[in-house]
Amino acid sequence: MPDRAPQPVDRQLPTDEARDLIALVRDIVQREIAPRAAEEEEAGLFPREVFRLLSGSGLLALPYASEYGGGDQPYEVYLQVLEELAAARLTVGLGVSVHSLSCHALAGYGTKEQRAEHLPAMLGGGLLGAYCLSEPASGSDAASLRTKAVRDGDDWVLTGTKAWITHGPVADFLTVLARTGVEGARGITAFLVPGDAPGLSAAVPEKKMGMKGSPTAQLHFDGVRVPDFRRIGDEGQGFAIALSALDSGRLGIAACAIGVAQAALDQAVAYATDRTQFGRPIADFQGLRFMLADMATRIEAGRSLYLTAARLRDEGRPFSRQAAMAKLFCTDAAMGVTTDAVQVLGGYGYTQDFPVERYMREAKVLQIVEGTNQIQRMVIARHLAGPETR
């Protein structure tokens, strides 16, 4: 490994509290996450103790209200925390983003009684959440989901299968979107389901090319009974709730992507300044210097884009278009930067002796989750030119 240590990102943070928060995250990263990341990813080990530590440190609750145990932090701070975590290990950064996404429905649309009963434990009680929207036959076309919730007295009975669920086998609670009415978006309702509910089971986790430490699996609902007081929002409001969550979730993915890209750039710079060929460091050669410059520029542009969208969100202004742009650009940038990092390291970059091959494998999934980048382009175009004519 190169001897040159990467310099921490020089962050623009709004308060002293936010600066202290980033310092705390960096300390946890250096002590608890980075030293074991490569070994545990290769072994497919899920770092549950790390998530308990993050929960106890308040890092799973950052963008939510302190009234319910949240951190009262603006999204621009929360996303930079995600970036720091993802740079150390994407399984952790993305896991925090998914957990936050799974809390969004209750925090934003639950009744005051529901929030008071459930949110404190969800945000700071060591619990971990999962978000259940996708299904085997409905990914990008999420409004066509088939999981059903049928009313039975004071309960709902859920039947169906959810797919590609991060934390599915290990989650303590699930935000589940299920069909309660007509076909299409207007017939979908959101529910908060305990992870140990009778009739709920997880399939064998998917064998993925990256993020092997993060369990992703189908979840089967075989007559799972959910009391009506665990319904979130109104009947038929679920798809609107889901879209609202995804706008914020896309910013989480964008921040994670920049974290992975930054980690890859740090490795590439360290290697290029340490490795000598023809009697001098390879970083002296213009062709390689230009590669590093382009990599750094993509990262800075992506970081600015996701922070601009986050600040709009923090101001209560529309940010859906900017969130789609950030997700699109940042994840494409991560794929490009990690690929270039492998190239900078040459043959060594293709081996597991250096982490850049893992970063490259992990970056790919970020172009797919939370809406593929083709879907992001559709979202952006609709904001520019209106809905497609049929």
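One is the number of the first residue; the rest follow in order along the sequence.
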| said: To the closest 0.5 Å, what do you measure between CD (Q7) and CG (D266)? | reply: 9.0 Å
Taking [Y] as the starting point, is it possible to reach [X] by hopping between hydrophobic residues whose side chains are less than 4.5 Å apart?
X: Y64; Y: L128; value: no
X: I33; Y: Y359; value: yes
X: V356; Y: L90; value: yes
X: L82; Y: L94; value: yes
X: L133; Y: V365; value: no

| task | Evaluate the salt bridge (Lys or Arg N to Asp or Glu O under 4.0 Å) criterion for residues K212 and E362: first the C-alpha distance (whole Å), next the side-chain angles of each, then the deciding distance (0.1 Å), finally the verdict. | result | CA-CA 9 Å; K212 296 179 181 180; E362 291 177 340; over 6 Å; no
| said: With side-chain contact (heavy atoms from CB on, under 4.5 Å) as the criterion, how do D332 and Q367 come out once you've worked through the C-alpha distance, each side chain's angles and the decisive distance to 0.1 Å? | reply: CA-CA 7 Å; D332 281 353; Q367 295 177 302; 2.7 Å; yes
| Do the ring planes of Y271 and Y348 sit parallel (below 30°), tilted (30 to 60°) or perpendicular (above 60°)? | tilted
Run the salt-bridge test on [X] and [Y] with the 4.0 Å N-O cut-off and return the result as yes or no.
X: R313; Y: D247; value: no
X: R382; Y: E388; value: yes
X: D172; Y: R48; value: yes
X: E300; Y: R303; value: yes

| field | Full working for side-chain contact (heavy atoms from CB on, under 4.5 Å) between Q73 and E17 | value | CA-CA 9 Å; Q73 290 298 313; E17 182 183 8; 3.3 Å; yes
So do [Y] and [X] actually touch side chain to side chain, heavy atoms under 4.5 Å?
X: E206; Y: M211; answer: no
X: V344; Y: R275; answer: no
X: E84; Y: V81; answer: no

| task | Tell me, with the steps shown, if K208 and T216 meet side-chain contact (heavy atoms from CB on, under 4.5 Å). | result | CA-CA 9 Å; K208 309 189 298 286; T216 305; 3.3 Å; yes
| query | Would you say Q286 has more than 12 foreign heavy atoms packed within less than 6.0 Å of its CD? | reply | no
| field | Passing candidate, side-chain contact (heavy atoms from CB on, under 4.5 Å) with Q322, options L305, L251, L312 | value | L312
Main-chain N/O of [Y] paired to [X] side chain as donor or acceptor, under 3.5 Å:
X: E357; Y: T351; answer: no
X: R89; Y: A38; answer: no
X: S100; Y: V96; answer: no

| task | List the steps and the verdict of side-chain contact (heavy atoms from CB on, under 4.5 Å) for L59 and L85. | result | CA-CA 10 Å; L59 297 176; L85 293 171; 5.6 Å; no
| request: Name all pairs fulfilling the ring pair (Phe, Tyr, Trp, His ring centres under 6.0 Å) condition that reach into residues 125-158, sequence neighbours left out, sorted by first residue then second. | output: W156-F191
| query | Can you list every pair that meets ring pair (Phe, Tyr, Trp, His ring centres under 6.0 Å) and has a residue in residues 66-99, with sequence neighbours left out? | reply | Y75-Y78, H99-F173
| said: Please determine whether salt bridge (Lys or Arg N to Asp or Glu O under 4.0 Å) holds for the pair R52 and E49, giving the CA-CA distance in whole Å, both sets of side-chain angles, and the decisive distance to 0.1 Å. | reply: CA-CA 5 Å; R52 291 192 180 97; E49 288 303 318; 2.6 Å; yes
| field | Face-on cation placement of R280 at F285 ring, 6.0 Å and 45° thresholds | value | yes
| Worked check of salt bridge (Lys or Arg N to Asp or Glu O under 4.0 Å) between R311 and D314 | CA-CA 5 Å; R311 288 164 185 148; D314 290 334; over 6 Å; no
